[in-house]
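Remember, it's 1-based here, ligands and their atoms both numbered in the order they're listed. Computed from a prediction, not measured in an experiment: that's the story for all the values here.
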Amino acid sequence: MKQFGPIPPGFAARDGELVIGGRTASDLAHEAGDTPLFVYDFALVKARIAALRAALPAEVALHYAVKANPFPPLVAAMVGEVDGLDVASGGELARALQAGKAAHAISFAGPGKRDAELAAALEAGVIINLESEGEAHRALSIAKEMHVKPHLAVRVNPDFDLRGSGMKMGGGAKPFGVDAARVPDLVRSLFQAGADWRGFHIFAGSQALDAAAVAEALAASVSLTAKLATEIGEAPPHVNLGGGFGIPYFAGDAPLDVREVGAQLSAVLAPRPEALAATTFSLELGRYLVGEAGVYLTRILDKKVSHGETFLITDGGLHHQLAASGNFGTVVRRNYPVAIASRFGAPPEDVVTITGCLCTPLDRLADSVHLPEAEVGDLVALFMAGAYGASASPQAFLAHPPAREILINHD
Ligand SMILES: *Cc1c(COP(=O)(O)O)cnc(C)c1O
């Protein structure tokens with residue numbers, strides 16, 4: 001038997017069924033027309049944002065990284081809840097604009113922007129976070145051709161990374177951002193070209209659960225940008241400090257202590273470095289805002305025994321929820337939180353392995369977990385499915401249909 005991660009708060013049982021956003025799993029499956037489906041409870045997202053704002057210094061704006069979950073109704077609901085949207089492709093940019101966010105509150109990062117993506121960003125007037133000198137050159141010449149003033153920030157590849165992060169995106173040789181030592185020259189060339197310089201963007205890593213490590217990376221980002229500002233001789237209007245706030249996917253994981261992060265960030269910003277006196281700050285968070293609010297529901301199609309091991313075979317799989325199968329950036333496969341949604345809260349009686357319907361041994365959704373006895377037709381819930389689920393999985397693999405998605409938003 002193997003452990004699985006903690007079921008996130010906000011999910012209760014009614015009549016022996018899992019309830020999401022006030023609705024039972026079977027009602028939701030019925031409404032969707034078929035399984036599998038992702039359900040996102042926006043009340044949980046709003047509660048998360050409120051708690052976060054209470055923990056963070058009031059002067060720090062909160063941005064949503066659309067990459068975590070670009071489902072259009074979710075992005076639209078986010079518009080009124082966060083101060084900015086951060087996008088990482090032309091497609092995400094289109095969704096952010098479609099959702100109704102003002103252009104000045106959208107920033108566009110990501111290595112390898114096509115000319116057409118740069119042109120769309122310039123046309124809309126959003127902030128482009130430049131990832132290289134070459135990209136700066138292209139953005140400036142496209143802006144000149146279009147006769148628009150470009151709003152440009154520089155993404156800095158810092159000389160540090162976020163300790164304990166699941167995915168390191170700073171420190172050493174990286175495809176992201178411009179090495180810190182070359183940033184002052186690049187910013188001076190933006191001034192010379194007459195661009196509107198919007199400041200800096202630093203993103204040091206992802207999925208960190210240790211408050212001290214997160215606070216340390218934020219403090220290092222503040223001092224690095226202060227040092228760069230001093231060298232340039234001009235205060236950045238804005239600094240996007242990244243974030244990397246993690247969520248507890250696995251057994252033994254404890255939630256990030258955001259009050260501790262907030263307290264340490266307050267101490268870093270008050271008093272803030274002289275060079276950043278007029279600067280505004282933001283954090284850009286993805287999974288921390290939406291990850292725990294989503295559940296992937298899939299139905300058991302077959303139950304079989306092989307060499308004494310019981311397998312529950314579902315109609316879902318890694319083509320929808322790659323991360324839960326352990327094939328999205330993890331070295332050792334561990335179990336995401338899981339439940340039999342149609343027998344939620346019943347005592348565990350059986351040790352089972354839950355797989356998807358794909359013809360590959362990679363398609364394991366839960367390995368040797370202790371759950372209530374389940375039968376063909378029962379619904380399985382995989383939690384922590386609100387981020388990097390439907391949009392981060394190989395939906396075309398094996399030509400199964402895409403997952404359905406439902407946002408529950410009561411206002
Ligand atoms: C992926 C990414 C994020 C979001 O990361 P989370 O771990 O979901 O918070 C934020 N900013 C940048 C630049 C990213 O690439």
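- Side-chain contact check for Arg14 versus Phe344: every heavy-atom pair is 4.5 Å or farther apart.
- In this structure, Tyr296 has its ring center under 6.0 Å from that of His320.
- A heavy-atom separation below 4.0 Å is not found between Phe176 and ligand 1.
- Close contacts of ligand 1 with Ser206, meaning ligand atoms under 4.0 Å from a residue heavy atom, involve 5 (O), 6 (P), 7 (O).
- Using a 4.0 Å cut-off to heavy atoms of Tyr388, the atoms of ligand 1 that qualify are 1 (C), 4 (C), 5 (O), 6 (P), 8 (O).
- Proximity of Arg287 to ligand 1, defined as any heavy-atom pair under 4.0 Å, is shared by backbone and side chain alike.
- Annotation: Gly286 places an N or O atom under 3.5 Å from an N or O atom of ligand 1; distance criterion only.
- Taking a cutoff of 4.0 Å between a charged side-chain nitrogen and a carboxylate oxygen, Asp367 and Lys2 qualify as a salt bridge.
- At most 12 heavy atoms of other shown residues, nucleotides or ligands fall within 6.0 angstrom of atom NE2 in His137.
- Checked against a 3.5 angstrom limit, the closest N/O atoms of His201 and ligand 1 fall outside it.
- On a distance-only criterion, Arg155 and ligand 1 share no N/O pair closer than 3.5 Å.
- Near Ala65, meaning under 4.0 Å from one of its heavy atoms, ligand 1 places the atoms 3 (C), 4 (C), 10 (C).
- In this structure, Arg48 is positioned above the aromatic face of Tyr288, its NZ or CZ under 6.0 Å from the six-membered ring centre and within 45° of the axis.
- Using a 4.5 Å heavy-atom threshold, the side chains of Phe383 and Glu292 count as separate.
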